[in-house]
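Comments concern the structure below.
Because the structure is predicted, anything quoted here is derived from the model rather than measured. Here is how names work: the chains are called A, B, and so on, in the same order as the sequence lines, proteins then strands, and each is numbered from 1.
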Amino acid sequence: LFEASVVTDELVEKMEEILYSADLGVATVTSLMDEVRKARGALTTGDSVRDLLKDQIATILRTVEKPLVVPAQRPMVLLMIGVNGAGKTTTIGKLARRFIADGHRVTLAAGDTFRAAAVEQLSAWGVRTGAEVISEKEGADPAAVAFNAVNSAVAGGRDIVIIDTAGRLQNRVNLMEELRKVHRVLGKALDGAPHETILVIDANNGQNAVSQAREFGEAVPITGIIATKLDGTAKGGALVGIARELAIPVYFAGIGEAADDLRPFSAEAFTEALFS
Amino acid sequence: TLSEKLELTFRRLRGVGKLSEDNIQEAVREIRLSLLDADVNYGVVKQFLEKVSARAVGAEVTRSVTPGQQFVKVCHDEMVALLGAGAHELNLAVRPPAVILMAGLQGSGKTTTAAKIGRHLKEKLRKRVLLVPADIYRPAAIDQLKKLGETIGIDVFDSKPGDDPLRIAEAAMKQARDGVYDVVIVDTAGRTQVDEAMMREIADIRRLLDPVEVLFVADAMTGQEAVNVSKEFHERVGLTGVVLTKMDGDARGGAALSIHAVTGAPVKFVGVGEKTDQLELFHPERIAGRILG
Ligand SMILES: Nc1nc2c(ncn2[C@@H]2O[C@H](COP(=O)(O)OP(=O)(O)OP(=O)(O)O)[C@@H](O)[C@H]2O)c(=O)[nH]1
Ligand SMILES: Nc1nc2c(ncn2[C@@H]2O[C@H](COP(=O)(O)OP(=O)(O)OP(=O)(O)O)[C@@H](O)[C@H]2O)c(=O)[nH]1
Ligand SMILES: [Mg+2]
Ligand SMILES: [Mg+2]
């Protein structure tokens with residue numbers, strides 16, 4: 001019946017519950033709630049606590065709200081990485097749709113030479129979007145596929161090459177080493193490549209997303225993040241912790257399974273959604 | 001007073017006395033943060049600690065431990081009891097063909113797990129298995145299951161991308177009865193629990209198949225939404241079990257406790273890698289230790 005006119009313990013706990021339930025994680029929630037406690041004396045309504053939190057979170061996220069820019073050098077090479085099932089292959093299809101709509105000639109490299117029907121899946125996205133797909137037989141060396149794709153793109157005057165990779169868990173040492181090799185080989189194929197190394201993160205993940213960003217980032221330099229599956233009920237709050245700790249740009253949000261289901265990341269919209 | 005404080009500390013160090021709300025407070029705080037860090041759902045953490053605290057208070061403290069340490073042990077034992085309850089074996093005790101239906105969010109590991117379970121049944125229990133691809137949406141999903149079936153020597157129903165999943169299920173059951181298969185494993189498309197059309201689809205598939213097992217395939221890295229997601233799946237199709245995948249990673253796996261709290265469904269298997277032989281039976285002790293951290 002009444003607006004909360006005093007910042008009660010109950011209200012503070014309710015706010016804490018909202019933050020935890022959105023996967024912000026212990027470190028981030030603790031830090032945000034410390035700010036609330038410090039400001040408590042000056043806060044006079046329940047709404048003001050929510051506003052303070054929204055403001056803090058939006059401020060953090062604005063520092064990583066950056067667009068993916070296609071540089072002058074061609075072809076631009078993007079390396080897509082991430083854990084199993086995060087949405088890499090599908091996101092590549094969405095990026096292809098977007099780049100082609102912008103008038104670019106796009107090549108996709110089927111760098112997942114391991115998983116059953118991975119090449120077929122990417123090829124289907126090639127057909128769907130009009131991007132050419134470069135692949136080798138199953139079991140081929142991913143680094144060789146990447147190398148060949150870039151060389152072929154250079155020769156063919158392509159604008160953009162997107163390299164798909166097999167899903168891998170960050171604690172698998174040999175797979176992280178394989179990733180390093182792919183990254184290194186891309187640089188050999190073309191100076192400056194890969195121009196972007198994008199970590200694809202599933203919004204349903206909890207705190208493991210932070211360790212993914214940390215540990216993938218120790219293997220190769222990550223230039224951007226794309227968060228997927230934000231059309232579900234997961235809020236993807238781990239992104240706040242990642243922003244605080246690693247300040248990696250978040251380029252896009254995946255919001256579905258179709259080619260057009262990709263939106264530029266908005267700190268504002270994301271923060272609003274956390275509290276809705 | 002200071003002497004009272006020292007008395008308490010001395011008693012605490014001596015491990016004498018009973019567990020009380022006071023002497024476990026620090027441990028409760030620490031465990032709460034650890035469970036949240038492990039991705040156990042906020043509400044589930046609250047309920048769990050309230051329940052364990054209520055049960056623990058009044059218990060004698062073992063001589064050689066502090067009340068805090070004793071409380072941690074009570075938490076561990078309670079978690080093992082919760083996760084260990086229920087039937088962890090697949091229930092195949094029906095007139096064949098026994099049907100297993102896979103369900104879960106996008107990318108959780110359903111297709112791979114369907115093949116793993118098929119291989120497990122074929123090699124360990126000598127069952128004749130038919131794998132059924134009913135995901136007509138994801139590009140090359142049918143190819144994926146067909147290829148997996150090929151590598152492990154298990155028959156795969158010949159679904160086509162244009163088919164209707166209900167027609168596929170119907171035709172596959174006919175083939176299973178005609179071909180005298182023991183077990184049919186139906187792979188479905190990943191879906192979010194708020195996609196009404198897709199939830200209706202899987203409810204319809206379930207009704208048609210009358211499966212003996214409906215397995216919720218959950219990624220070990222799943223965060224707070226594990227509660228809302230599994231609850232809705234449970235209400236729509238009735239989960240009989242859970243498979244936790246990607247446990248070869250370093251996610252703590254708190255989703256296991258969350259899912260159990262809202263569905264009661266027992267964990268039947270754990271995925272520990274991408275190959276079709278990387279499926280393990282569930283050990284509640286191991287996951288409890290991992291979640292508690
Ligand atoms: N709802 C929803 N589903 C998505 C989104 N992005 C990807 N998916 C789905 O997630 C599942 C996994 O996507 P993939 O593109 O195969 O993921 P991946 O990272 O390439 O997987 P691996 O190569 O096996 O590691 C598929 O069912 C996709 O359709 C998204 O933004 N929203
Ligand atoms: N490391 C590891 N990877 C796994 C495990 N189970 C599945 N995967 C991988 O996770 C990714 C997704 O597996 P899928 O079987 O395609 O998942 P899905 O649930 O069928 O995906 P959708 O059909 O798109 O919803 C693939 O790269 C699998 O190889 C596991 O236990 N450990
Ligand atoms: Mg892929
Ligand atoms: Mg699948």
Side-chain angles (χ1 to χ4, degrees), chain A residues 13 16-27 29-30 83-90 93 114-125 127-128 138 166-172 175 202-209 211-212 215 228-229 231-238 256-257, chain B residues 32-34 36-43 45-46 105-109 111-112 115 137-151 161 189-195 218-229 232 245-246 248-255 273-274 276:
Chain A
E13 196 194 318
E16 207 181 61
E17 176 169 9
I18 289 177
L19 298 177
Y20 273 117
S21 302
D23 281 313
L24 267 72
V26 174
V29 175
T30 305
V83 300
N84 305 71
K88 298 175 290 302
T89 305
T90 306
F114 170 77
R115 206 206 70 211
V119 174
E120 286 84 337
Q121 186 187 5
L122 188 70
S123 299
W125 278 103
V127 170
R128 191 175 286 189
E138 188 175 317
R168 69 202 67 225
L169 302 181
Q170 65 273 22
N171 58 322
R172 300 282 300 279
L175 297 179
D202 184 336
N204 289 294
N205 284 181
Q207 295 315 297
N208 194 261
S211 105
Q212 288 167 30
E215 292 171 40
T228 62
K229 308 179 197 172
D231 49 309
T233 54
K235 310 277 184 173
E257 305 187 64
Chain B
R32 178 173 174 269
L33 292 178
S34 184
L36 287 169
D37 206 47
D39 295 324
V40 181
N41 176 272
Y42 186 90
V45 172
K46 198 157 187 266
L105 293 174
Q106 288 89 345
S108 60
T111 305
T112 308
Y137 310 98
R138 169 173 155 160
I142 295 172
D143 289 335
Q144 186 184 3
L145 192 58
K146 282 182 174 173
K147 281 211 169 170
L148 288 170
E150 222 171 282
T151 45
R191 67 204 66 222
T192 81
Q193 85 280 10
V194 288
D195 184 335
D219 194 320
M221 311 168 225
T222 309
Q224 297 284 312
E225 279 304 293
V227 158
N228 290 332
V229 176
E232 185 64 20
T245 62
K246 309 175 202 173
D248 46 312
D250 55 19
R252 298 266 295 278
E274 296 187 72
T276 50

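- Contact annotation for Asp37(B): both backbone and side-chain heavy atoms come within less than 4.5 Å of a heavy atom of chain A.
- At a 4.5 Å heavy-atom cutoff, the contact between Asp248(B) and chain A is made by backbone and side-chain atoms alike.
- Under the 3.5 Å distance criterion, the side-chain polar atoms of Gln224(B) are matched with a main-chain donor or acceptor of Tyr42(B).
- If you tally non-hydrogen atom pairs under 4.5 Å between each of Gly223(B), Ser108(B), Gly43(B) and chain A, the highest count goes to Gly223(B).
- Of the listed residues (Ala22(A), Ala209(A), Gly87(A), Ala116(A)), the greatest number of heavy-atom pairs within a distance under 4.5 Å of chain B belongs to Ala116(A).
- Interface residue Leu105(B): only side-chain heavy atoms are found under 4.5 Å from chain A.
- Within the 3.5 Å criterion, the main-chain N or O of Met221(B) finds no donor-acceptor partner in the side chain of Lys246(B).
- If you measure heavy-atom distances from Lys146(B) to chain A, you find no contacts under 4.5 Å at all.
- Interface summary for chain A: among Gly107(B), Ala141(B), Gly109(B), the most heavy-atom pairs under 4.5 angstrom belong to Gly107(B).
- Contact count versus chain B (heavy atoms, under 4.5 Å) is highest, among Val26(A), Asp202(A), Thr89(A), Thr233(A), for Thr233(A).
- Counted by atom type alone, Gln106(B) and Thr192(B) present zero donor-acceptor pairs between their side chains at under 3.5 Å.
- Taking 4.5 Å as the limit, some side-chain heavy atom of Gln193(B) sits within range of a side-chain heavy atom of Asn228(B).
- Comparing Asn204(A), Leu122(A), Asp231(A) by heavy-atom pairs within less than 4.5 Å of chain B, the highest count is held by Asn204(A).
- Side chain to side chain, Asn205(A) and Gln212(A) meet the donor-acceptor criterion of an N or O pair below 3.5 Å.
- Contact of Glu257(A) with chain B is made through the side chain alone, with heavy-atom distances under 4.5 Å.
- Counting all heavy atoms, side chain and backbone alike, Ala140(B) lies closest to Ala117(A) at O-CB, 3.8 Å.
- The ring-ring contact (aromatic ring centres under 6.0 Å, His included) check on Phe114(A) picks up nothing, with sequence neighbours excluded.
- When the candidates Ser21(A), Ser211(A), Ala27(A) are compared by the number of heavy-atom contacts under 4.5 Å with chain B, Ser21(A) comes out ahead.
- Heavy-atom distances place no part of Arg191(B) under 4.5 Å from chain A, backbone and side chain included.
- No part of Glu150(B) comes within reach of chain A, as not one of its non-hydrogen atoms sits under 4.5 angstrom from that chain.
- A donor-acceptor pair under 3.5 Å is absent between the side-chain atoms of Arg252(B) and the main chain of Asn208(A), judged by distance alone.
- Proximity of Glu274(B) to Thr112(B): side-chain heavy atoms (C-beta onward) are nowhere separated by under 4.5 Å.
- No side-chain donor-acceptor contact under 3.5 Å links Asn171(A) and Glu215(A).
- Per-residue counts of heavy-atom pairs under 4.5 Å with chain B were compared for Arg168(A), Lys235(A), Gln207(A); the largest is that of Gln207(A).
- Counting heavy atoms from C-beta outward, Leu169(A) and Asp250(B) have side chains that stay 4.5 Å or more apart.
- Neither the backbone nor the side chain of Val119(A) comes within less than 4.5 Å of any heavy atom of chain B.
- Comparing Lys46(B), Lys147(B), Gln144(B) by heavy-atom pairs within less than 4.5 Å of chain A, the highest count is held by Gln144(B).
- The most heavy-atom pairs under 4.5 Å with chain B, out of Glu17(A), Arg128(A), Glu120(A), come from Glu17(A).
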